[in-house]
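In what follows, a structure is listed as structure tokens, so that the remarks can point back to it.
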Amino acid sequence: MNNKKIASVRGMHDIFGEDHYKQQDIIDNFIKVVSLFNFSPINTPIMEHSEVFIRSLGNVSDVVMKEMYSFLDKSKDSVTLRPEGTAGIARALVSNGLTQNLPQRYFYHGPMFRYERPQQGRLRQFHQVGIELFGKGSYFEDCEVIRIAYFFLKNLNILDKVLLKINTIGKSSSRNNFINEIKSYFNLNKKKLSSDSLKRLEKNPLRILDSKDPQDQDLLKEAPIIYNFLSKDELDNFENIKSLLSSIGISFIVDPFLVRGLDYYSDTTFEFTLKENQKFAILAGGRYNDLVKELGGSQIPGIGWAAGIERLKDLVVKIFKNISPVLLIPTEKKYLTYIFDISNKMFLKGINNQIIDFYNLKKSLKYANKNNAKIAIIVGEHEFNNFLVSYKNLDSGEQSYLDQEELFNKLRYA
RNA sequence: GCGACUGUAGCUCAGUUGGUUAGAGCGCUGGUUUGUGGUACCGGAGGCCGUGGGUUCGAGACCCAUCAGUCGCCCCA
């Protein structure tokens with residue numbers, strides 16, 4: 001026999017108690033907000049063919065190169081636990097031919113998986129809520145999606161702790177010109193570049209832009225700016241987004257160095273980060289105009305965002321769930337039928353109740369205390385014989401005999 | 001993938017330069033109270049000292065590996 005305790009898999013935690021209530025509360029809040037803006041729910045599998053993510057996120061992105069939870073299934077197909085939600089939904093759009101009737105507005109929530117070192121605000125299994133809007137690529141959509149994020153965070157009462165940053169990285173043609181330009185700029189300044197950024201220069205030069213290294217930051221002051229490489233249309237579009245957001249009272253800062261790590265982004269990118277730790281994003285997203293096409297559909301532009309529930313949870317102030325059950329205490333097993341009958345009636349009236357099968361008053365009342373009960377209903381010989389219950393107020397200690405009609409009358413006002 | 005710190009009871013943690021039978025508080029449990037809780041007092045249970053190897057007459061302590069946690073970096077929600 002092996003008595004060793006078994007732990008959960010690294011970076012994957014059990015969620016219960018206070019944490020669970022808090023997370024559920026965030027999800028409930030999210031659903032309430034997005035439903036009011038007529039987004040509809042979609043659940044895609046938590047596992048996809050690896051190709052879905054490789055094609056969409058980009059095969060040089062860090063997420064794909066080192067963070068994918070991939071393995072071969074029994075028929076030797078490479079499958080991957082989803083590292084994010086967008087790719088699967090875009091795939092579902094194509095798979096189910098949902099592209100006939102646009103716009104489509106979807107929301108989702110659920111677990112995501114990334115194989116990385118656990119630390120503050122980062123787990124191997126974590127949970128996200130998110131929305132996706134597939135439409136025609138107008139600047140209205142960008143604002144629509146950002147304002148919904150804004151109201152979501154506002155409802156959670158954490159707007160004062162976050163900062164909205166937006167940027168545009170243009171369409172791929174303009175972006176490629178820009179990338180070539182910064183490549184040569186940084187190549188000229190190679191020796192001043194941090195070692196991390198030297199690697200980025202080969203793999204993904206765009207990422208040097210949001211380097212936090214002070215040396216790199218210095219270099220960035222003189223670096224080419226993306227806006228000089230964008231077409232008039234791209235710039236106008238960005239201006240339209242900014243002025244529409246301002247006109248509806250959503251404040252933001254423009255961050256020309258905000259680039260995101262997933263290949264599918266184009267044009268608008270945005271992030272809500274913590275005010276006091278601006279590299280810590282709690283909600284982030286952007287536009288992905290080529291993603292659906294990349295996954296075998298037609299050219300359907302989309303935009304969306306996702307927020308990490310665990311990251312939000314740490315910001316939301318404690319929610320007190322004052323769950324206070326009525327505890328039903330039989331003193332002997334033979335009163336169970338009678339107690340079940342009362343419990344059933346409470347259920348039908350929507351009263352939170354629980355039967356305690358200790359058959360020991362002292363233990364039962366102790367349990368009642370520990371579980372935040374305010375009222376105990378005791379049934380013993382006297383109560384049973386006279387069709388009564390003892391109604392005990394656990395705060396005051398007062399106790400009285402009631403018949404069932406009196407009991408439910410009293411509970412109505414308790 | 002790289003780095004730092006940590007791992008002793010359900011929880012929070014003591015445990016001296018390596019030296020008998022590993023401790024405390026909280027929690028749990030029994031009793032004082034045979035149908036009455038919260039308080040008090042008295043008792044009890046509960047530990048392969050994360051795991052595996054090594055050094056030593058002797059390891060919870062030292063060394064190595066490994067797993068896990070926390071926190072940085074990369075990256076990301």
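When reading the values below, keep in mind they use all heavy atoms of this one structure, side chains included, and skip hydrogens, waters and symmetry mates. Chain letters run A, B, ... following the sequence lines, proteins first and then strands; every chain starts at 1.
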For [X], answer base if it contacts any base atom (sugar-phosphate contacts may also be present), sugar-phosphate if it contacts only those atoms, and nothing otherwise; contact means non-hydrogen atoms under 4.0 Å.
X	result
A/Arg114	base
A/Glu310	nothing
A/Ala284	sugar-phosphate
A/His382	base
A/Lys370	sugar-phosphate
A/Ile309	nothing
A/Gln120	sugar-phosphate
A/Ile282	sugar-phosphate
A/Asn369	base
A/Glu116	base
A/Pro118	base
A/Ala7	nothing
A/Glu271	nothing

With a 3.5 Å cut-off and just heavy-atom distances, do the side chain of [X] and the base of [N] make a donor-acceptor pair?
X	N	result
A/Glu383	B/G35	yes
A/Arg117	B/C75	no
A/Gln23	B/A77	no

Distance, [atom1] atom - from [M] to [N], rounded to whole angstrom:
N	M	atom1	answer
B/G60	B/A22	P	10 Å
B/A24	B/G46	P	14 Å
B/U55	B/C64	C1'	11 Å

So, for A/Tyr265 and A/Tyr288, is the gap between ring centers shorter than 6.0 Å?
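They do not qualify: ring centres at least 6.0 Å apart.
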
Between A/Glu84 and A/Tyr264, do the side chains contain a donor N or O and an acceptor N or O under 3.5 Å apart?
yes

